[in-house]
Amino acid sequence: MRDAHLQLDYQIQRWIFNQGWNGLREVQAKAIAPILSGKTDVLISAATAAGKTEAFFLPACSALVKSDNGQNIGLYEKEGQGNGVGILYISPLKALINDQYRRLESLAELLDMQVTPWHGDSPRSKKNKQKKSPSGIILITPESLESLLIRDSGWVKQAFSSLKYIVIDEFHAFLGSERGQHLLSLLTRLEHVTERLNSPIPRVALSATLGDLKSVPQSLRPNQSLPCVIIEDDEAKASIKVQVKGYIEPSQLALESDSKKNNFESSDSQYIGIQHPYTAEAQVCSDLYRLCRGGSHLIFANSRKRTEMIATELSDLCEHNIVPNEFFPHHGSLSKELRESLETRLQKEALPTTAVCTMTLELGIDIGKVDTVVQVTAPHSVASLRQRLGRSGRRGGSAVLRMLIIEKEIDKDTSLTDKLRLELIQSFAMIRLLIIDKWFEPADTELYHFSTLLHQVLATIGQWGGIRADQLYILLCKQGPFQQIQPAHFKSLLSQMGELQLLTQLGNNQLVLGIVGERIVGHYTFYAVFKTPEEYRIVTGNRTLGTLPIETMLLPEQYIIFGGKRWQVKNIDMDKKVVDVISVKGGGKPPTFGGGSMSIHDRVRQEMYEILNNGDYRIRVGEQHLDFADKTARQLFSESIDTFNRYDLSNQPVVDKDGNSYIFMWRGDKIVNTLTALLIRDDFTVEAYAGVICISKIDSFQVCQFLQKLASQILPTATELAETVPFKMTEKFDEYLPDDLLNIGYGAQAFDIIGLKKWLEDFKKTDLGL
DNA sequence: GACCTGCTGCGGATTG
């Protein structure tokens, strides 16, 4: 293995030597032979910054150089043509393509190889050069590849006819999503147009470490026409340090009496900011200021709204204390300029910098390592917690994670779910699953993706002009990734598309685009398969601050927080989708951002039950119990345990309170959704929050009777249950789907009938006292 | 009581 690099082209060995590297990393050495062979797919799974991209590009470029030596180069140059593109690199982010382009420059120059960044913002000149003379490496997004296939498939056929490798960066970011399904379909269509279905182009997937590696090759190439070699990074993991800090939000009553007495800065508060009533949020910001100032940190705040509030508060604290600001927000609605200036500042490491961010800084973009990662409010999944934690741990030091959790002070009005401190318990559960079990949520690769299938039908017809239904089915569902789609589903889809004039069938059985289909495919927003809310541009003077998805009504004179500062709305142009704002000092109420529902995994909820049932969240290390909670978090935990025991939740899943019944399933949202939908179907008044189902004005005896009855019945299928749900359109092209497919797709995504069945069987046993 | 990603062709203004 130590001499693995000797298999590489001499010039590439020289390049490695010139980098001053101390030999190749483990994954880099292990990847050389399978990639050079060019006969298999390869999955390279390694932690961030383990040199995955070089692990691919060094052997791949080596293979490219060798096959080019002395062959036809003179002839092609004379004709003004290249000898075809050798490597197609696909990335989920434009920013990653730009990073990668910079990193490849020196190697490409040495090998005299053309490298072309190809996305919506990359220069037309570079694309034109590549168009004239296709060769070397293209770095592209799935959407740009779609546009090439539809608008210029003749060129694609010619330019990619001798393609040697397709490499997909950040493969885990695609896995299981609509966009991932789109990508796989694009790759099949590419093999089809270049007549390579029988001699497949090797696919190389680069990914952060994944849960179940064995299942990934199936996802990388659903038709299994090439084997796959898995290369894993075994390098020792750094240690992790975790702390959970609890905060108590004073009840409304306490706040009111506080403000009457006018003692805003109460005695135990270390709050050092602008005078306003004590809130847990203010205490959180005060602690963040103290913990983060002077270092380099990431604060994940879960929503853009909270991200803005915290970033603004921290900047205000800097101003108040007359020190330079070092806290900046980073999220998807901020302009590219604001985001990039922060990314550059983090990268340079010259000034202490803390980014308050959403998942925009979770993956991809190179910002180096930071001192610590802070999570404010519980993360939505163990997988994202893990990815965020991976950003911490400079110079081989331990990764440091702080979790700040706010729970409400208990008074007479406190709800049962609030008393259980479920957000805190969820945080504990996620930390334990990550550290003890080394578990995180797998991607759901069982979904149908009908919306994306409809998109691909339109795109493929757009690409070929006309195609027969049976050819379309074979291409997309047999050779391509839509392997779960039955011919009957496909027929139903096509006839609905015909009725809506998305397509038309000609006399010779060719399907062509209909009037509506032409309009959809012709519009530039067609290429992406994912849905985006309407965005308004936020403008002050001549400067665009960024964009904001507007779901609730925004009014003139209203105050908003944006880009870490306060603004007042002056004018709203509905046609141009522009909001004019002016900078203001002083308070304001931000608008609400979007809706949506979380999906907590089964295993997280079961771990929460285990913690409460055992009365212990600590991590056992040998004889010791490691307590990662601070004093307030411990107090909140003991309140939770009190409530858990008072209602006998260990044995009793249904309890009465204030005339309502609560069902504690301790299961994931799919199973909770399933029972909720069944209760609604049978006319109960139901609300589900944090995995707890509340049924209004009914006693637990009646609920138990209903559950008993349900346990002995044959449950409806997920599709049948979906028929009872009024609003099911979640994806971009759902509005064109026939009802039967919409129900199948929604049912598979939202419900888990088997999971509910198992829970009901357990319930039956406990309820009968068995 | 959630987040993120991406996209064309062309007309007009500006610059070398």
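The analysis underlying the following values was restricted to heavy atoms, covering all of them including side chains, and did not include hydrogens, waters or symmetry mates. Lettering follows sequence order; numbering is per chain, from 1.
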Result for 5'-nearest mapping on DNA chain B, choosing between A:Asn302 and A:Trp118, is A:Asn302
> Quick one: is B:dT8 close enough that its OP1 or OP2 comes under 4.0 Å of any side-chain N or O from A:Arg124?
Replying inline: no
So that I can tick it off, tell me whether A:Arg421 and A:Glu639 are bridged by a salt bridge, with the cut-off set at under 4.0 angstrom between side-chain N and carboxylate O. yes
Quick note, A:Arg306 side chain, CB onward, closest among B:dG6, B:dG1, B:dT5 is B:dG1
| field | Sugar-phosphate only, base, or nothing, as touched by A:Ser177 at under 4.0 Å among non-hydrogen atoms | value | nothing
Look at all strands and tell whether A:Thr525 reaches a base, only sugar-phosphate, or nothing, counting heavy atoms closer than 4.0 Å. base
Rounded to whole Å, the NE2-C1' distance (A:His182 to B:dT5) equals 13 Å
Here the distance between atom C1' of B:dT8 and atom CD1 of A:Ile520, to the nearest Å, is 17 Å
Atom CD of A:Gln181 and atom C1' of B:dT5 are separated, to the nearest Å, by 17 Å
request  = Please step through side-chain hydrogen bond (donor to acceptor under 3.5 Å, both in side chains) for the pair A:Glu441 and A:His601, ending with a clear verdict.
outcome  = CA-CA 7 Å; A:Glu441 298 85 354; A:His601 194 276; 5.9 Å; no
Remember a base hit wins even if backbone is also touched, and classify A:His119 as base, sugar-phosphate or nothing at under 4.0 Å, heavy atoms.
sugar-phosphate
Taken to the nearest whole Å, CG/A:Leu149 to P/B:dG6 is 19 Å
* To do: Establish, yes or no, whether the cationic atom of A:Arg386 lies under 6.0 Å from the six-membered ring centre of A:Phe440 and within 45° of the ring axis.
  => yes
Taken to the nearest whole Å, NE2/A:His330 to C1'/B:dC4 is 12 Å
task = May I ask you to say whether A:Asp602 pairs ionically with A:Arg605, meaning some side-chain N is under 4.0 Å from a carboxylate O?
result = no
Side-chain atoms of A:Phe530 come closest, of B:dA2, B:dG1, B:dG6, to B:dG6
ask   = Looking at A:Thr141, does any N or O in its side chain come under 4.0 Å of the phosphate oxygens OP1/OP2 on B:dC7?
value = yes
| said: Please classify the nucleic acid contact of A:Arg388 as base, sugar-phosphate, or nothing, using heavy-atom distances under 4.0 Å. | reply: nothing
- Message: Contact between A:Arg402 and A:Leu404 at the side-chain level, heavy atoms closer than 4.5 Å - yes or no?
- Response: yes
Which of B:dC7, B:dC4, B:dG6 is nearest the side chain of A:Ser144? It is B:dC7
A:Arg304 CZ to B:dG1 P, in whole Å, measures 16 Å
Is the aromatic ring of A:Tyr524 within stacking range of B:dT8, meaning centres under 5.5 angstrom and planes under 30 degrees? yes
Between CD1 of A:Ile150 and C1' of B:dC7 the distance, given in whole Å, is 11 Å
A:Lys94 NZ to B:dC7 P, in whole Å, measures 5 Å
Closest to the side chain of A:Thr358, out of B:dG6, B:dC3, B:dG1, is B:dC3
